[in-house]
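Here's the structure we're looking at; comments come further down.
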Amino acid sequence: MLKPSPPLTINELMQRVEQIAGLTLGEIAAEFNFKTPEHLLREKGWQGQLLEYVLGATAGSKPVPDFEHLGIELKTIPIGFNGKPLETTYVSVVPLTNLTGMTWQSSTVKKKLTHVLWLPILAEKTIQPIDRTIGSGFLWQPSLAQEHQLQRDWEEQMELIALGRINEISGHLGEVMQIRPKAANSKALTDVIGPNGTMTQTLPRGYYLKIPFTAQILADQFGL
DNA sequence: TTATGATCATGT
DNA sequence: ACATGATCATAA
């Protein structure tokens with residue numbers, strides 16, 4: 001099977017999503033000659049990269065939506081037998097410098113979460129990666145209340161960074177969206193605003209959606 | 001180096 | 001049991 005071309009419309013994208021619902025990751029990987037690891041100890045992003053390929057996503061590692069033409073971000077989300085997410089959901093890197101004039105409206109988080117294609121994967125850890133089943137993907141846009149929650153968390157944590165207080169930030173902060181390390185290892189460093197407005201260095205961070213937030217999105221969709 | 005895709009695994 | 005902090009592969 002050839003590499004899928006980018007879907008031209010949302011309808012075309014959603015038709016592809018419906019066609020793969022119920023299949024296992026191993027089945028579609030075989031169909032598209034995509035590699036299949038024994039476990040995810042090393043290739044942690046395998047599931048997401050496989051689905052991007054199969055659905056014809058285009059963005060690569062650029063900071064733009066996966067389906068740029070459609071303005072849609074693809075997020076695979078691992079769920080357990082209970083239907084709840086097994087992991088938090090990475091959104092984007094946290095900007096740590098040149099924050100003046102940055103607002104929620106212009107933030108990468110807001111842009112990425114404007115329109116998301118959620119694709120649940122039954123990924124209980126007892127199931128081998130190739131035997132994990134693709135669920136029913138669906139489009140989501142944040143409700144007014146959800147967007148306000150995200151905006152509050154974003155503004156609270158960005159303010160701390162702007163004040164040079166990034167060392168006070170941990171994964172505990174944020175009602176629905178947290179900041180956690182996002183790096184090759186704990187020794188990686190990047191520039192950040194220091195306590196006196198000077199420049200110093202710190203561990204790169206990312207924004208992640210907390211599990212109860214994504215669990216509610218799934219519950220709203222599937223009526224659980 | 002920084003972005004993408006995330007899950008691993010230890011501490012609480 | 002679970003979330004936080006740590007980590008892995010890859011592309012540009």
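Letters A, B, ... are given to chains in the order of the sequence lines, protein chains preceding strands, and every chain is numbered from 1. Worth saying up front: this structure is predicted, and the values here are computed from it rather than measured.
Here the C1' atom of nucleotide C:dT10 and the CZ atom of A:Phe34 are 11 Å apart, to the nearest Å. Rounded to whole Å, atom C1' of C:dT10 lies 14 Å from atom CZ of A:Arg42. Between the NZ atom of A:Lys35 and the P atom of C:dA9 there is a distance of 10 Å, given to the nearest Å.
Ring geometry, A:Phe34 versus A:Tyr53: the interplanar angle falls from 30° to 60°, so the pair is classed tilted.
Of the residues in residues 86-101 of chain A, A:Glu87, A:Thr88, A:Tyr90, A:Val93 come within less than 4.0 Å of DNA chain B through at least one heavy atom, sorted by number. At a non-hydrogen distance threshold of 4.0 Å, A:Arg180, A:Lys182 from residues 170-187 of chain A come into contact with DNA chain B. Remark: A:Lys112, A:Lys125 in residues 110-127 of chain A come within less than 4.0 Å of DNA chain B through at least one heavy atom.
With C:dA9, C:dA3, B:dA6 as the candidates, the nucleotide lying closest to the side chain of A:Tyr208 is B:dA6. Among the nucleotides B:dA9, B:dT7, B:dT2, the one closest to the side chain of A:Thr190 is B:dT2.
Note on A:Pro78: only backbone sugar-phosphate atoms sit closer than 4.0 angstrom, heavy atoms only; bases stay farther off.
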(request) Decide yes or no on side chain to side chain contact (heavy atoms under 4.5 Å, CB included) for A:Gln178 and A:His172, but give the supporting numbers first. (result) CA-CA 7 Å; A:Gln178 65 188 169; A:His172 300 91; over 6 Å; no
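Identified under the side-chain hydrogen bond (donor to acceptor under 3.5 Å, both in side chains) test for residues 70-79 of chain A, with sequence neighbours left out: none.
Note on A:Glu147 versus A:Lys110: salt bridge recorded, some NZ/NE/NH1/NH2 to OD/OE distance being below 4.0 Å.
Take the nearest nucleotide of DNA chain C for A:Gly45 and for A:Pro212: the residue whose nucleotide is more 5' is A:Pro212. Residues A:Ile211 and A:Leu203 both approach DNA chain C. Their nearest nucleotides, taken by heavy-atom distance, put A:Ile211 toward the 5′ side.
An OP1 or OP2 oxygen of B:dG5 is reached within less than 4.0 angstrom by no side-chain nitrogen or oxygen of A:Thr76.
Residue A:Tyr208 shares its hydrophobic cluster (ILVMFWY side chains chained together at separations under 4.5 Å) with A:Tyr90, A:Val93.
For the atom pair A:Leu99 CG and A:Glu159 CD, the distance stands at 11.5 Å (nearest 0.5 Å).
Between the axis at the start and the axis at the end of the helix from B:dT1-C:dA12 to B:dT12-C:dA1 there is an angle of 20°, using five pairs per end and rounding to 10 degrees.
For A:Pro85 against A:Leu218, the heavy-atom pair with the smallest separation is CG-CD1, 3.8 Å.
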